[in-house]
Protein chains: 2
Amino acid sequence: MSVKHALLALLEQQPMYGYQLRAEFEQRTGTTWPLNVGQVYTTLTRLERDGLAFADGEDGEGHVIYRITDAGRDEVATWFTTPVGRTQPPRDELAIKLALAVTVPGVDVGTVIQQQRSATMAALQDYTRLKRQAAAGAVPDAGADDGSGGADLAWSLVLDSLVFAAEAEIRWLDHCESRLRRAAAGGVGRRNARLDEEAPARGAR
Amino acid sequence: MSVKHALLALLEQQPMYGYQLRAEFEQRTGTTWPLNVGQVYTTLTRLERDGLAFADGEDGEGHVIYRITDAGRDEVATWFTTPVGRTQPPRDELAIKLALAVTVPGVDVGTVIQQQRSATMAALQDYTRLKRQAAAGAVPDAGADDGSGGADLAWSLVLDSLVFAAEAEIRWLDHCESRLRRAAAGGVGRRNARLDEEAPARGAR
DNA sequence: CCAGAGCATATACCGGGTATACATGTCCTA
DNA sequence: TAGGACATGTATACCCGGTATATGCTCTGG
């Protein structure tokens, strides 16, 4: 639901049309999560259906202008005041992959971990390179108002978020490696982590 | 695509029926990501459509047994050997929320951050509590094979992944707070972060 | 005997996300 | 100046992930 609420928050700031909403969104999140235009319009349709926004005619250039409603303003307020994530974290593909790699025989978990670490470290370098670019491109000192409304700061914070997540991923991979080594050395769970055949038939019932 | 590949990996280990696949999946990921049964069957249908698995009659109890194909085995192999995430990381709702909170006037970013930190720390405590339970429930020393096939180890690693992610989130929130404080003190971007009205009209064109 | 619970399969439905169609306007250039 | 490339702008078709629900079945306890 993040796109829906993000669009609502932008509409709260100012009435806008679809294409403009995409531009504003991407100005704040940069190249991280390019927003497909189609999704903007479908989301706007749903927002109108749910009474959170409505198309309010056209401006001078023929753009369909959307406005937020009072219900929409309430929705934005609750979105900002309600923390996210405590219920069900989104499925983590890497965690699922490793959980399967550990339990399914015939998979070399060590290689999976090593390759993933390399890829994540490469991504980390990309992020730091992007951060350098962003720092260079930013206005060194915009006295009163540079017109960006802090969009470059937001984009920088998003980048930091990716960096922190990638670093945590690498730490977790190291942690998995050492735990697997310990398990292989000790008595418990010395199977898997190497290709050993003949899995016992163990159904659910 | 993580569910699709996870089911394929399970089918590579052994032919199974739908309900059994869900049980095997949840045994490895615990209560983290409960898998809806319906998704299993729709995914199986798609797997059959794409030639990665096929329904191979019934077993004694009348269960529809699915088998993996050679193409499916290839798919699993490439899944395990190809790292994940370098292309487009999944949308992070929290990052989007904060990016919007920073750029949209009238939002108290400090409160958003503080509330989120509290919620994340609560989740962190839940995770460590679950880890204690898992450690207590695990077989202390299963000499040869406890029949779980390392499912408890996988579930424990998944939990660790959640812990690492939550810790990184908290670190990022602290980082955001200090950056915002610095921005508020310095010259650049002293707007936002406080409710100041009268946003200048700045459209995309 | 039957009410409820767990097992098992299947389908309807919605939201997220991508690709694509289509139309307009602008700008560059052969 | 005609035309091609390109950005702007809106809209729709389509697939996949995810949830809820319908429908049987078996087993068990009161």
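Values below: every heavy atom of this structure, side chains too, minus hydrogens, waters and symmetry copies. All chains are named by letter (A, B, ...) in the order of the sequence lines, taking the proteins before the strands, and each is independently numbered beginning at 1.
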Distance check needed: [N] [atom2] versus [X] [atom1], whole Å only.
| X | N | atom1 | atom2 | value |
| --- | --- | --- | --- | --- |
| A:M16 | D:dT8 | CE | C1' | 17 Å |
| B:E61 | C:dG6 | CD | C1' | 16 Å |
| B:L44 | D:dC16 | CG | P | 14 Å |
| A:E48 | D:dT10 | CD | P | 14 Å |
| A:R22 | C:dT18 | CZ | P | 12 Å |
| B:L21 | C:dT9 | CG | P | 9 Å |
| B:E26 | C:dA8 | CD | P | 14 Å |
| A:I96 | D:dG18 | CD1 | C1' | 13 Å |

Polar side-chain atom of B:D50 near backbone of B:L52 as donor-acceptor pair, under 3.5 Å: no
Under 4.0 Å between a side-chain nitrogen and a carboxylate oxygen: does that hold for [X] and [Y]?
| X | Y | value |
| --- | --- | --- |
| B:R129 | B:D126 | yes |
| A:K97 | A:D92 | no |
| B:R117 | B:E177 | yes |

When every nucleotide of nucleotides 12-17 of chain C is labelled 5' to 3' by its protein contacts under 4.0 Å (heavy atoms), B for base, S for sugar-phosphate only, - for none, what sequence of letters results? ---SSB
D:dT10 phosphate, OP1 or OP2: any side-chain N/O from A:Y41 under 4.0 angstrom? yes
Given D:dT10, is OP1 or OP2 found less than 4.0 Å from the side-chain N or O atoms of A:Y19?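 It does not, given that no N or O in the side chain of A:Y19 lies less than 4.0 Å from OP1 or OP2 of D:dT10.
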Select base, sugar-phosphate, or nothing to describe what A:V37 touches, counting heavy atoms under 4.0 Å on all strands. base
Counting only heavy atoms from other residues, nucleotides and ligands, does the tally under 6.0 Å from CD of A:E48 exceed 12?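 Counting other residues, nucleotides and ligands, CD of A:E48 exceeds 12 neighbours.
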Should the pair A:H175 and B:F164 be assigned to parallel (<30°), tilted (30 to 60°) or perpendicular (>60°) ring geometry? tilted
side-chain hydrogen bond (donor to acceptor under 3.5 Å, both in side chains) partners for B:N36, two or more places apart: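 Applying side-chain hydrogen bond (donor to acceptor under 3.5 Å, both in side chains) to B:N36 gives none.
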